[in-house]
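These notes are about the structure you will find just below.
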Amino acid sequence: MKSGAQILIEGLKEQGVDVIFGYPGGVVLPIYDELYDADIRHILVRHEQAAIHAADGYARATGKVGVCLATSGPGACNLVTGLATAYMDSIPVVALTGQVPTGLLGNDAFQESDITGITMPVTKHNFLVQDVKDLKRIIREAFYIANTGRKGPVLIDIPKDVSTTKIPDEDGPDQQIKLRGYKPTYQGHGKQIQKAVELIEAAKRPIIYAGGGVISSEASKELVEFAERTCMPVTTTLMGLGCIPADHPLNLGMLGMHGTEYANYAITESDLLFSIGVRFDDRVTGNLATFAPNAKIIHMDIDPAEIGKNKPVDIPIVGDAKNILTDLLKRIPATCSHPEWSEKVQNWKKNHPLRFKEDGKLRPQYVIRRLAETLGDKGVIVSEVGQNQMWTAQYYPFSHPRQWITSGGLGTMGFGFPAAMGAQVAVPDQPVFVIAGDGSFQMNIQELGTIAQYQIPVKIVILNNQFLGMVRQWQELFYERRYSYTELPEVQFEHIAKAYGIEAETVRSIPDIDSAFKRALNCNGPYLLDIRVEREENVFPMVPAGAAISEMIVGQHTEHEEE
Amino acid sequence: MNRHIFSVLVEDSPGVLSRVTGLFSRRGFNIESLAVGTCEQPDTSRITIVVSGNDVQIEQVKKQLNKLIEVIKVLDITDLEHVERELALIKVKAEPGEVRSAIMQVAGIFRAKIIDVGTDSLMIEVTGDSSKIAAIEDLMSPYGIIEMVRTGKIALQRGAGTACSGR
């Protein structure tokens with residue numbers, strides 16, 4: 001005989017789960033009791049939101065499913081932001097929640113919440129286990145759903161009596177995965193791929209627009225080979241950074257609201273937009289009518305609902321990016337080239353580089369550049385949300401997939417620090433840095449307790465400007481500098497870190513940066529750097545919301561030669 | 001804006017209807033009519049949904065429905081040969097005498113049934129397409145409709161084709 005809690009732990013082990021981020025509570029006590037001797041590491045976070053962000057960071061760093069555990073009611077509700085974050089970015093996470101016993105369901109019992117109802121819009125699927133006999137099958141289905149097709153978060157809600165009820169230890173007849181309504185398409189349609197080949201061969205000004213789908217399908221090698229063979233420049237979304245090395249001659253960096261000038265010009269003038277694992281997000285496209293206005297569009301995605309959702313498409317290809325690119329590579333001759341277009345793109349790249357003012361003041365872009373030079377191509381860089389995120393996306397030269405972790409779709413402040421914690425647990429041998437703003441860091445600052453307790457050696461870099469910087473930037477540009485509630489008081493983060501027993505220092509000038517990074521790297525445990533940067537630095541280029549992406553504000557620091 | 005009829009085969013499990021309707025509300029698709037019941041396949045229900053929208057919206061409705069794990073098949077039967085029906089129960093004021101016989105006569109013309117007789121009311125059961133139900137409603141309203149309920153539209157493809165065969 002086995003209890004539901006035992007079945008759960010065995011099911012997790014069967015799925016290869018080696019770490020759970022969680023927070024105990026009344027109705028998950030039977031599960032915690034089993035975890036006490038289980039061969040699974042449990043990290044006790046300080047807030048359930050951090051548990052799911054950490055599971056998410058673990059998943060992004062490895063490609064494996066991240067797992068978190070919370071109790072019912074408030075514990076479960078605290079997962080919602082993290083579920084929505086993982087859902088928007090298609091990250092495989094399985095969230096386990098406790099629930100009041102089945103007999104009390106619907107009675108407004110203590111710490112009861114209808115978490116499957118609450119999380120329906122922000123999960124790929126969710127389950128309420130009503131009978132312990134279904135538990136084993138549901139665990140298998142949950143992991144399968146989370147990590148196949150378009151990946152995403154799945155929640156399993158487990159009533160307390162399901163955890164405690166004992167049943168005979170055997171696989172019932174219906175333990176196999178039988179999901180009649182779930183059959184993801186992995187192979188692209190041959191005829192559609194052939195049509196794509198014809199468009200690619202006919203194109204004069206083609207460009208690749210690559211996104212997070214390339215990372216999650218592990219298709220970056222195929223992408224680079226395809227780009228090289230067709231001489232197509234590649235621009236990536238925020239989520240796609242790292243799928244082509246930053247120093248690759250065909251790489252144009254990020255496009256969109258804070259994209260590079262050259263990527264946005266190239267998109268606007270292209271005659272063929274080859275879109276891979278992207279969703280034409282409004283932060284990428286700006287005004288849809290003027291996004292790649294003269295281009296034929298090929299869109300490949302594993303989720304058919306993304307194709308044509310925002311922009312009509314000429315050739316839809318449903319399937320897995322790696323499979324489709326492999327198929328395309330077999331059909332594409334090695335002779336495609338468009339020298340005039342290539343030259344034009346390279347000239348944009350040369351004449352409109354990303355720039356910031358280098359006048360001896362401590363600017364965030366400089367900090368990021370120095371960090372990149374310190375780390376080389378090692379390590380994982382996680383960001384919070386806001387200016388810190390955009391500067392990192394712009395200035396950090398990512399060289400490989402899964403080197404960059406950020407909340408793209410939902411833009412969740414407070415994501416970065418716990419996600420970095422999860423990533424560091426996943427890849428203990430690599431340095432993991434989180435680049436944060438003073439605003440977003442304070443959204444999950446309590447996790448200093450967790451990294452201190454487990455000596456998770458995350459290095460925290462706070463670009464401290466005492467503002468909610470991105471909001472302040474919008475107020476400066478569009479609200480006549482009326483800084484309504486965006487100023488934050490000075491905080492001595494060094495003291496806070498030290499109170500938790502974490503080594504920390506405050507950095508105030510350029511000459512101190514390199515040595516501070518070295519001390520952080522050489523420290524075996526966690527380390528916090530509170531870097532006091534220029535307070536009113538802006539992120540440029542910037543496309544005002546709703547404008548064409550070719551209509552960028554390039555900023556006061558980016559004066560450049562005319563073409 | 002075109003009106004589309006979707007015949008949606010789903011797993012017969014708790015919460016499925018909520019997933020389907022939740023999808024419509026959060027993506028801003030307007031449901032005109034919705035009817036649910038079990039069908040010929042075990043552990044399966046059929047939902048008939050009528051929704052209006054432009055081509056892009058209708059395509060999205062279909063794709064988003066298909067993404068739900070418990071949705072087995074989505075068939076847009078609008079352009080297929082099909083039969084649509086709706087059932088309505090209409091409770092109408094009917095004093096004994098001339099009024100009552102006039103109402104019964106109209107019901108007879110519509111092949112509707114009188115299924116309940118009160119001291120001064122009648123309940124009429126009528127099935128048909130929307131225009132037929134609208135017509136009898138119009139004719140009854142001068143007498144005074146006390147209460148009325150409609151099932152929402154159900155529809156099936158004509159011939160041997162089914163939602164599952166996709167023919």
Side-chain angles (χ1 to χ4, degrees), chain A residues 84 87 90 102 105-106 114-131 134 137-138 141-142 144-146 148-155 157 174 177-185 279-280 288 299 301-313 316 318, chain B residues 2 4 6-29 31 34 36 38-47 49 51 53-76 162-166:
Chain A
Y87 185 66
S90 308
T102 47
L105 273 173
D114 171 18
I115 198 64
T116 46
I118 290 170
T119 60
M120 243 174 225
V122 293
T123 50
K124 186 172 171 188
H125 192 58
N126 60 23
F127 298 90
L128 168 62
V129 188
Q130 307 246 33
D131 187 331
D134 300 328
R137 173 181 53 81
I138 286 174
E141 287 180 2
Y144 178 70
I145 291 168
T148 53
R150 179 173 182 180
K151 297 171 184 188
V154 177
L155 181 137
D157 198 26
D174 63 340
I177 295 173
K178 277 182 300 194
L179 296 163
R180 292 189 283 179
Y182 180 67
K183 294 188 179 64
T185 305
R279 52 191 186 87
F280 292 76
L288 268 172
H299 189 183
D301 204 290
I302 199 152
D303 179 359
E306 283 308 331
I307 300 179
K309 185 181 80 176
N310 294 335
K311 182 108 181 154
V313 163
V318 178
Chain B
N2 293 314
H4 282 251
F6 287 99
S7 183
V8 185
L9 204 64
V10 300
E11 300 279 357
D12 183 15
S13 55
V16 176
L17 187 61
S18 167
R19 281 182 210 283
V20 170
T21 52
L23 174 84
F24 277 76
S25 61
R26 78 170 186 275
R27 293 199 182 261
F29 306 138
I31 300 179
L34 178 132
V36 202
T38 54
C39 66
E40 75 289 348
Q41 301 189 41
D43 312 319
T44 304
S45 297
R46 176 167 282 118
I47 306 179
I49 307 171
V51 55
N54 59 34
D55 290 351
V56 176
Q57 289 166 325
I58 295 296
E59 185 71 13
Q60 266 296 305
V61 168
K62 191 176 172 183
K63 285 172 165 176
Q64 293 294 345
L65 277 172
N66 262 317
K67 275 175 74 168
L68 296 177
I69 307 286
E70 285 153 325
V71 167
I72 301 163
K73 183 84 191 177
V74 181
L75 189 68
D76 182 350
T162 67
C164 274
S165 69

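So that the names make sense, note that chain A is the first sequence line, chain B the second, and so on, each numbered from 1.
One distance of note links CD1 of B:Ile69 with CG of A:Leu179; it measures 6.5 Å at 0.5 Å rounding.
The part of B:Leu68 that comes within reach of chain A is its backbone (N, CA, C, O), which places non-hydrogen atoms under 4.5 angstrom from that chain. Only the backbone of B:Val71 comes within contact range of chain A, with heavy atoms under 4.5 Å apart.
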Hey, what donor-acceptor pairs show up under 3.5 Å between chain B and chain A?
| unit_1 | atom_1 | unit_2 | atom_2 | d |
| --- | --- | --- | --- | --- |
| B:Glu11 | OE1 | A:Arg180 | NH2 | 2.8 |
| B:Glu11 | OE2 | A:Arg180 | NE | 3.2 |
| B:Arg19 | NH1 | A:Asn126 | OD1 | 3.2 |
| B:Arg19 | NH2 | A:Asn126 | O | 2.9 |
| B:Arg19 | NH2 | A:Asn126 | OD1 | 2.8 |
| B:Asp43 | O | A:Arg180 | NH2 | 3.2 |
| B:Thr44 | OG1 | A:Arg180 | NH1 | 3.3 |
| B:Thr44 | OG1 | A:Arg180 | NH2 | 3.2 |
| B:Gln60 | NE2 | A:Ala305 | O | 2.7 |
| B:Lys63 | NZ | A:Pro304 | O | 3.0 |
| B:Lys63 | NZ | A:Ile307 | O | 2.8 |
| B:Lys67 | NZ | A:Asp303 | OD2 | 2.6 |

